[in-house]
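Everything on this sheet refers to the single structure shown next.
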Amino acid sequence: MNRIEREALDYQGYYCEENVWRFLARPELVEVATWAVLVSNANHDVILMRQRPGRPVDGLVHWDYHVFAVYADPVMGKLALDLDSDLPFPCPLGRYLRDTFPGDVQRHVAPRFRVLKGQEYARELVSDRSHMRRPDGSWIAPPPPWPAPGAGTGRACNLLDWADMGRRSPGALYDIDRMAAFASGGGG
(Lines give C-alpha, C1' and ligand atoms only; values in the text may rest on other atoms or scores of the structure.)
Protein backbone atom coordinates (compact mmCIF):
# COMPACT_ATOMS: atom_id res chain seq x y z
CA MET A 1 0.00 0.00 0.00
CA ASN A 2 1.23 3.50 -0.78
CA ARG A 3 2.08 5.93 2.00
CA ILE A 4 -1.01 7.34 3.67
CA GLU A 5 -1.09 11.11 3.85
CA ARG A 6 -3.29 12.71 6.51
CA GLU A 7 -4.29 15.53 4.17
CA ALA A 8 -5.61 13.07 1.56
CA LEU A 9 -8.18 11.54 3.94
CA ASP A 10 -11.72 12.70 4.63
CA TYR A 11 -11.94 14.51 7.95
CA GLN A 12 -14.64 16.16 10.00
CA GLY A 13 -13.78 17.32 13.51
CA TYR A 14 -15.67 15.60 16.35
CA TYR A 15 -16.76 12.73 14.09
CA CYS A 16 -13.84 10.35 14.66
CA GLU A 17 -16.04 7.29 14.10
CA GLU A 18 -16.98 8.54 10.63
CA ASN A 19 -13.44 9.58 9.73
CA VAL A 20 -12.31 6.02 10.54
CA TRP A 21 -15.32 4.55 8.71
CA ARG A 22 -14.45 6.54 5.56
CA PHE A 23 -10.81 5.45 5.77
CA LEU A 24 -11.55 1.75 6.33
CA ALA A 25 -14.07 1.67 3.47
CA ARG A 26 -11.38 2.64 0.94
CA PRO A 27 -11.12 0.01 -1.83
CA GLU A 28 -7.32 -0.24 -1.60
CA LEU A 29 -7.66 -1.55 1.97
CA VAL A 30 -9.78 -4.61 1.16
CA GLU A 31 -6.73 -6.90 1.10
CA VAL A 32 -4.92 -5.18 4.00
CA ALA A 33 -5.27 -6.19 7.66
CA THR A 34 -7.04 -3.26 9.31
CA TRP A 35 -8.92 -2.66 12.53
CA ALA A 36 -11.14 0.00 14.04
CA VAL A 37 -10.49 0.66 17.72
CA LEU A 38 -13.13 2.26 19.93
CA VAL A 39 -11.85 3.41 23.30
CA SER A 40 -13.98 4.35 26.30
CA ASN A 41 -14.57 3.13 29.84
CA ALA A 42 -17.33 2.40 32.33
CA ASN A 43 -17.73 6.11 33.11
CA HIS A 44 -17.82 7.16 29.44
CA ASP A 45 -14.99 9.57 30.29
CA VAL A 46 -11.70 8.54 28.76
CA ILE A 47 -8.61 10.74 28.87
CA LEU A 48 -6.40 11.00 25.80
CA MET A 49 -3.19 12.97 25.39
CA ARG A 50 -1.67 14.40 22.20
CA GLN A 51 -5.07 15.26 20.69
CA ARG A 52 -5.19 18.35 18.47
CA PRO A 53 -8.53 19.50 19.98
CA GLY A 54 -7.04 19.12 23.50
CA ARG A 55 -5.43 21.68 25.76
CA PRO A 56 -2.43 23.49 24.25
CA VAL A 57 0.40 22.14 26.42
CA ASP A 58 -0.10 18.37 26.12
CA GLY A 59 -3.23 17.79 24.06
CA LEU A 60 -5.16 16.37 27.03
CA VAL A 61 -8.83 15.92 26.27
CA HIS A 62 -11.75 14.08 27.85
CA TRP A 63 -13.94 12.20 25.38
CA ASP A 64 -16.94 9.97 26.06
CA TYR A 65 -15.34 7.68 23.45
CA HIS A 66 -12.80 7.91 20.66
CA VAL A 67 -12.16 5.88 17.51
CA PHE A 68 -8.92 5.39 15.61
CA ALA A 69 -7.80 2.98 12.90
CA VAL A 70 -4.95 0.48 12.82
CA TYR A 71 -3.42 -1.14 9.79
CA ALA A 72 -0.70 -3.73 9.42
CA ASP A 73 2.21 -2.52 7.36
CA PRO A 74 4.40 -5.44 6.17
CA VAL A 75 7.58 -3.55 7.10
CA MET A 76 6.64 -1.29 10.02
CA GLY A 77 4.09 -3.50 11.80
CA LYS A 78 0.83 -2.19 13.22
CA LEU A 79 0.34 1.53 12.70
CA ALA A 80 -2.25 3.82 14.32
CA LEU A 81 -4.10 6.32 12.19
CA ASP A 82 -5.72 8.97 14.35
CA LEU A 83 -6.66 12.10 12.46
CA ASP A 84 -7.14 13.95 15.76
CA SER A 85 -3.65 13.17 17.10
CA ASP A 86 -0.60 15.42 16.85
CA LEU A 87 1.68 12.37 16.76
CA PRO A 88 3.33 11.30 13.48
CA PHE A 89 0.87 9.99 10.92
CA PRO A 90 0.70 7.08 10.71
CA CYS A 91 2.26 6.28 14.08
CA PRO A 92 3.66 2.95 15.31
CA LEU A 93 0.84 1.57 17.45
CA GLY A 94 3.04 0.93 20.50
CA ARG A 95 4.22 4.55 20.55
CA TYR A 96 0.68 5.81 19.93
CA LEU A 97 -0.59 3.86 22.95
CA ARG A 98 2.27 5.01 25.23
CA ASP A 99 1.94 8.68 24.25
CA THR A 100 -1.86 8.85 24.04
CA PHE A 101 -2.69 6.72 27.10
CA PRO A 102 0.25 7.24 29.51
CA GLY A 103 0.13 5.07 32.62
CA ASP A 104 0.24 7.93 35.13
CA VAL A 105 -3.01 9.30 33.69
CA GLN A 106 -4.74 6.05 32.83
CA ARG A 107 -4.59 4.16 36.12
CA HIS A 108 -7.56 6.21 37.36
CA VAL A 109 -9.77 5.97 34.26
CA ALA A 110 -9.12 2.40 33.04
CA PRO A 111 -9.59 2.72 29.27
CA ARG A 112 -11.05 -0.26 27.44
CA PHE A 113 -10.50 -0.90 23.75
CA ARG A 114 -13.00 -2.56 21.43
CA VAL A 115 -11.07 -3.90 18.44
CA LEU A 116 -13.05 -4.77 15.31
CA LYS A 117 -11.76 -5.94 11.96
CA GLY A 118 -11.69 -2.99 9.60
CA GLN A 119 -13.98 -4.47 6.96
CA GLU A 120 -16.58 -5.41 9.60
CA TYR A 121 -16.52 -1.87 11.00
CA ALA A 122 -16.82 -0.31 7.53
CA ARG A 123 -19.70 -2.62 6.59
CA GLU A 124 -21.65 -2.71 9.87
CA LEU A 125 -21.34 0.75 11.48
CA VAL A 126 -24.63 2.66 11.63
CA SER A 127 -24.88 6.18 13.04
CA ASP A 128 -27.86 8.49 12.96
CA ARG A 129 -25.66 11.28 14.39
CA SER A 130 -28.20 11.88 17.17
CA HIS A 131 -25.40 11.86 19.76
CA MET A 132 -24.17 15.10 18.18
CA ARG A 133 -27.41 17.02 18.71
CA ARG A 134 -28.37 19.22 21.63
CA PRO A 135 -31.82 18.85 23.24
CA ASP A 136 -33.11 21.69 21.03
CA GLY A 137 -32.01 19.76 17.90
CA SER A 138 -29.07 22.02 16.99
CA TRP A 139 -25.68 20.50 16.21
CA ILE A 140 -22.93 20.32 18.84
CA ALA A 141 -20.49 20.27 15.91
CA PRO A 142 -21.36 20.53 12.21
CA PRO A 143 -21.97 17.13 10.58
CA PRO A 144 -19.81 15.82 7.73
CA PRO A 145 -20.92 16.50 4.14
CA TRP A 146 -21.21 12.77 3.36
CA PRO A 147 -24.17 10.52 4.28
CA ALA A 148 -24.08 9.03 7.77
CA PRO A 149 -22.77 5.45 8.05
CA GLY A 150 -25.55 2.99 7.30
CA ALA A 151 -27.92 5.73 6.08
CA GLY A 152 -30.79 4.29 4.11
CA THR A 153 -30.20 0.69 5.23
CA GLY A 154 -33.06 0.62 7.72
CA ARG A 155 -30.70 -0.76 10.37
CA ALA A 156 -30.73 0.80 13.85
CA CYS A 157 -27.89 3.01 15.06
CA ASN A 158 -25.22 0.83 16.72
CA LEU A 159 -22.44 3.36 17.34
CA LEU A 160 -23.19 4.01 21.00
CA ASP A 161 -23.71 0.29 21.64
CA TRP A 162 -20.24 -0.36 20.25
CA ALA A 163 -18.79 2.45 22.42
CA ASP A 164 -20.37 0.81 25.50
CA MET A 165 -17.49 -1.18 26.99
CA GLY A 166 -19.93 -3.11 29.20
CA ARG A 167 -21.11 -5.02 26.11
CA ARG A 168 -19.19 -8.14 25.15
CA SER A 169 -19.53 -7.78 21.39
CA PRO A 170 -18.81 -7.04 18.65
CA GLY A 171 -15.06 -7.45 18.35
CA ALA A 172 -12.64 -8.11 21.16
CA LEU A 173 -12.34 -6.08 24.38
CA TYR A 174 -8.84 -5.27 25.63
CA ASP A 175 -7.44 -3.40 28.60
CA ILE A 176 -4.31 -1.28 28.07
CA ASP A 177 -1.96 -4.22 28.66
CA ARG A 178 -3.71 -6.48 26.15
CA MET A 179 -3.84 -3.58 23.70
CA ALA A 180 -0.06 -3.20 24.05
CA ALA A 181 0.29 -6.95 23.34
CA PHE A 182 -1.89 -6.50 20.26
CA ALA A 183 0.40 -3.64 19.15
CA SER A 184 3.47 -5.84 19.43
CA GLY A 185 2.01 -8.51 17.20
CA GLY A 186 -0.42 -10.54 19.27
CA GLY A 187 -4.14 -10.79 18.60
CA GLY A 188 -6.18 -9.51 15.76
Side-chain angles (χ1 to χ4, degrees), residues 1-40 46-61 63 65-102 111 113-127 129 132 139-151 159 162-163 171 174 179-180 182-188:
M1 188 166 121
N2 294 334
R3 177 152 168 76
I4 300 168
E5 299 294 335
R6 181 189 307 254
E7 297 76 26
L9 300 176
D10 292 329
Y11 178 78
Q12 182 74 24
Y14 301 96
Y15 289 84
C16 56
E17 69 279 352
E18 293 196 34
N19 297 328
V20 168
W21 172 71
R22 298 280 291 186
F23 170 70
L24 293 173
R26 294 170 66 105
E28 67 267 28
L29 294 177
V30 170
E31 301 298 322
V32 178
T34 60
W35 299 267
V37 181
L38 293 90
V39 59
S40 189
V46 65
I47 297 172
L48 285 79
M49 307 295 284
R50 306 295 304 263
Q51 295 289 292
R52 294 187 301 171
R55 69 183 183 194
V57 176
D58 54 12
L60 183 143
V61 68
W63 296 119
Y65 69 89
H66 187 59
V67 183
F68 63 94
V70 173
Y71 85 98
D73 181 275
V75 175
M76 298 186 64
K78 290 180 182 156
L79 301 173
L81 293 100
D82 182 350
L83 292 166
D84 292 306
S85 176
D86 68 3
L87 290 167
F89 188 88
C91 184
L93 183 56
R95 177 182 176 191
Y96 175 84
L97 293 171
R98 282 188 305 276
D99 290 358
T100 305
F101 306 98
F113 302 84
R114 182 177 308 281
V115 180
L116 294 103
K117 292 192 182 283
Q119 293 301 307
E120 175 186 8
Y121 182 86
R123 183 181 60 251
E124 300 296 326
L125 177 66
V126 179
S127 175
R129 298 179 177 159
M132 292 301 292
W139 291 105
I140 295 168
W146 53 77
L159 170 63
W162 289 5
Y174 297 158
M179 194 65 197
F182 172 77
S184 65

Who pairs with [X] by side-chain contact (heavy atoms from CB on, under 4.5 Å), at least two apart in sequence or on another chain?
| X | answer |
| --- | --- |
| M132 | Y14, Y15, W139, I140, A141 |
| T34 | L24, L29, V32, Y71 |
| A33 | W35, A72 |
| A25 | A122 |

Could you pull out all residues at least two apart from R95 that satisfy salt bridge (charged side-chain N to carboxylate O under 4.0 Å, His left out)?
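Counting only residues at least two positions away or on another chain, R95 forms a salt bridge (charged side-chain N to carboxylate O under 4.0 Å, His left out) with D99.
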What residues form a salt bridge (charged side-chain N to carboxylate O under 4.0 Å, His left out) with E31, not counting sequence neighbours?
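Partners of E31 by the salt bridge (charged side-chain N to carboxylate O under 4.0 Å, His left out) criterion come out as none, since no residue qualifies.
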Measure the [atom1]-[atom2] distance between [X] and [Y] for me, rounded to the nearest 0.5 Å.
| X | Y | atom1 | atom2 | value |
| --- | --- | --- | --- | --- |
| M49 | L60 | CE | CG | 5.0 Å |
| S184 | M179 | OG | CE | 10.5 Å |
| S85 | R52 | OG | CZ | 8.0 Å |
| L125 | L116 | CG | CG | 9.5 Å |
| T100 | L93 | OG1 | CG | 9.5 Å |
| D58 | R50 | CG | CZ | 9.5 Å |

For V61 and W63: C-alpha separation, side-chain torsions, deciding distance, then whether side chain to side chain contact (heavy atoms under 4.5 Å, CB included) applies.
CA-CA 6 Å; V61 68; W63 296 119; 3.1 Å; yes
Just grab all the salt bridge (charged side-chain N to carboxylate O under 4.0 Å, His left out) pairs involving residues 18-27, residues at least two apart or on different chains.
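Applying salt bridge (charged side-chain N to carboxylate O under 4.0 Å, His left out) to every pair that reaches into residues 18-27, excluding sequence neighbours, yields D10-R22, E18-R129, R26-E28.
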Taking only residues two or more places apart in sequence, or in another chain, which ones meet [X] in a ring-ring contact (aromatic ring centres under 6.0 Å, His included)?
| X | result |
| --- | --- |
| Y96 | F68 |
| F113 | F101 |
| F89 | none |

With no hydrogens and no angle check, is any side-chain donor or acceptor of K78 less than 3.5 Å from a backbone partner on V70?
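Checking the backbone N and O of V70 against the side chain of K78, no donor-acceptor pair under 3.5 Å is found.
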Where is the tightest heavy-atom contact between [X] and [Y], given as atom of each residue plus distance?
| X | Y | value |
| --- | --- | --- |
| V30 | Q119 | CA-NE2, 3.9 Å |
| C16 | H66 | SG-ND1, 3.6 Å |
| Q12 | P142 | NE2-O, 3.1 Å |
| L83 | R6 | O-NH1, 3.2 Å |
| V126 | G150 | CG2-CA, 4.2 Å |
| L38 | A163 | CD2-N, 4.0 Å |

Between W162 and Y65, does the ring centroid distance fall short of 6.0 Å?
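Distance test on ring centres: not under 6.0 Å, no.
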Who are the side chain to side chain donor-acceptor pair (under 3.5 Å) partners of E124, not counting sequence neighbours?
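Scan of E124 (side chain to side chain donor-acceptor pair (under 3.5 Å), adjacent residues dropped) gives R155.
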Output, in order, the C-alpha distance, side-chain angles, deciding distance and verdict of side chain to side chain contact (heavy atoms under 4.5 Å, CB included) for I4 and L9.
CA-CA 8 Å; I4 300 168; L9 300 176; 3.8 Å; yes
